[in-house]
**Student:** 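Provided herewith is a single structure, encoded as structure tokens, for subsequent inquiry.
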There are 2 protein chains.
Amino acid sequence: MGTPQLTKNQSLVMGALAHSDGPMSAYTILDKLRDHGFRAPLQVYRALDKLLEYGLVHRLESLNAFVACTCPHEHEHDHGVTAFTICEGCGQVTEFHDEGIEQRLSALVRAQSFKTEKTTIEIRGHCKSCA
Amino acid sequence: MGTPQLTKNQSLVMGALAHSDGPMSAYTILDKLRDHGFRAPLQVYRALDKLLEYGLVHRLESLNAFVACTCPHEHEHDHGVTAFTICEGCGQVTEFHDEGIEQRLSALVRAQSFKTEKTTIEIRGHCKSCA
DNA sequence: ATCGCACACGTTATAGCATAACGCAATTGA
DNA sequence: TCAATTGCGTTATGCTATAACGTGTGCGAT
């Protein structure tokens with residue numbers, strides 16, 4: 001259950017995200033890849049679906065945008081919950097993980113007999129430079 | 001800086017959300033309020049903007065939808081971070097608050113000299129009944 | 001009083017995000 | 001060989017959100 005070889009489209013989308021210094025919307029990605037033959041949103045969304053499944057990309061719900069995963073791990077099995085700070089000034093996104101939060105959330109959720117499938121934590125604000 | 005008297009449109013939108021048993025999209029609200037004279041999305045979005053500002057309503061980023069705040073409210077000033085569990089089965093949304101998470105997030109964010117403006121925590125999964 | 005301002009409102013149009021539904025091609029495994 | 005799966009390309013459509021215009025109303029300052 002490692003990450004399979006990426007297809008051409010998946011690689012192109014992954015590349016676009018990896019070389020961007022911030023999150024991109026699906027349509028922005030589409031525009032960046034028109035020279036490589038992309039013509040329709042679905043080409044992007046289908047690739048993104050797989051990349052999300054493989055854990056190579058994260059979706060930022062509060063932006064309707066996507067970022068490459070910055071984890072050094074390079075592979076598989078959830079590093080548990082992923083959280084993000086998102087700067088409204090410069091658009092910079094920082095990914096981080098914390099056991100403490102994870103455990104605390106886990107306990108709270110268990111208390112209501114809720115079964116977690118996906119956790120979204122996004123903090124909007126201003127980074128050090130943009131404060 | 002308490003909550004001012006709501007306007008007619010704001011009251012209608014608030015009522016629609018309060019009497020719903022789950023989150024609603026802006027367009028669903030629009031449809032529910034057509035009989036009351038609503039004709040365009042902006043009427044809903046403008047009311048929602050104010051209700052969000054007053055803290056009477058929350059936006060669920062992962063659903064692009066809105067719910068009435070379930071806090072025993074009656075007043076102002078942030079109860080800090082709001083988190084939600086969202087059941088994929090029945091659509092039920094539960095709002096909760098936790099000092100521990102808040103402090104932990106606050107510390108992590110401070111460590112990167114980030115200034116928080118809004119925090120989103122949404123947990124998708126299945127509730128007890130839908131497990 | 002009336003002017004200026006802030007604010008809610010109404011309408012039309014448009015922008016931005018996401019998926020449905022069709023068909024084709026290549027791969028795999030029974 | 002056949003059926004099942006997966007990725008791909010295209011067209012069309014649907015859902016979410018805002019821009020830009022103008023109207024009306026209340027209210028404080030001059």
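Throughout, protein chains are lettered first and strands after them, A, B, ... in sequence-line order, and every chain is numbered starting at 1.
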**Student:** Using the side-chain hydrogen bond (donor to acceptor under 3.5 Å, both in side chains) criterion, which residues pair with A/Asp98? Sequence neighbours excluded.
**Tutor:** B/Arg104
**Student:** Consider only side-chain heavy atoms of I, L, V, M, F, W and Y, link residues closer than 4.5 Å, and tell whether B/Val67 and B/Leu6 are in one cluster.
**Tutor:** no
**Student:** Side-chain contact, heavy-atom cut-off 4.5 Å: A/Glu88 with A/Arg124?
**Tutor:** yes
**Student:** B/Ser106: what forms a side-chain hydrogen bond (donor to acceptor under 3.5 Å, both in side chains) with it, not counting sequence neighbours?
**Tutor:** B/Arg110
**Student:** Report the residues that fulfil salt bridge (Lys or Arg N to Asp or Glu O under 4.0 Å) with B/Glu99, sequence neighbours left out, ordered by chain and then residue number.
**Tutor:** none
**Student:** Could you tell me from which nucleotide to which nucleotide of DNA chain D, 5' to 3', there is an atom under 4.0 Å from chain A heavy atoms?
**Tutor:** D/dG7 to D/dT11
**Student:** Walk along nucleotides 5-18 of chain C from 5' to 3' and tag each nucleotide B, S or - by protein heavy-atom contact under 4.0 Å, base first, then sugar-phosphate.
**Tutor:** ---SBBBB----BB
**Student:** Sorted by first residue and then second, give each side-chain hydrogen bond (donor to acceptor under 3.5 Å, both in side chains) pair with at least one member in residues 37-49 of chain B; sequence neighbours left out.
**Tutor:** none
**Student:** Could you grab the distance from atom CZ of B/Phe66 to atom CG of B/Leu60, nearest 0.5 Å is fine?
**Tutor:** 8.5 Å
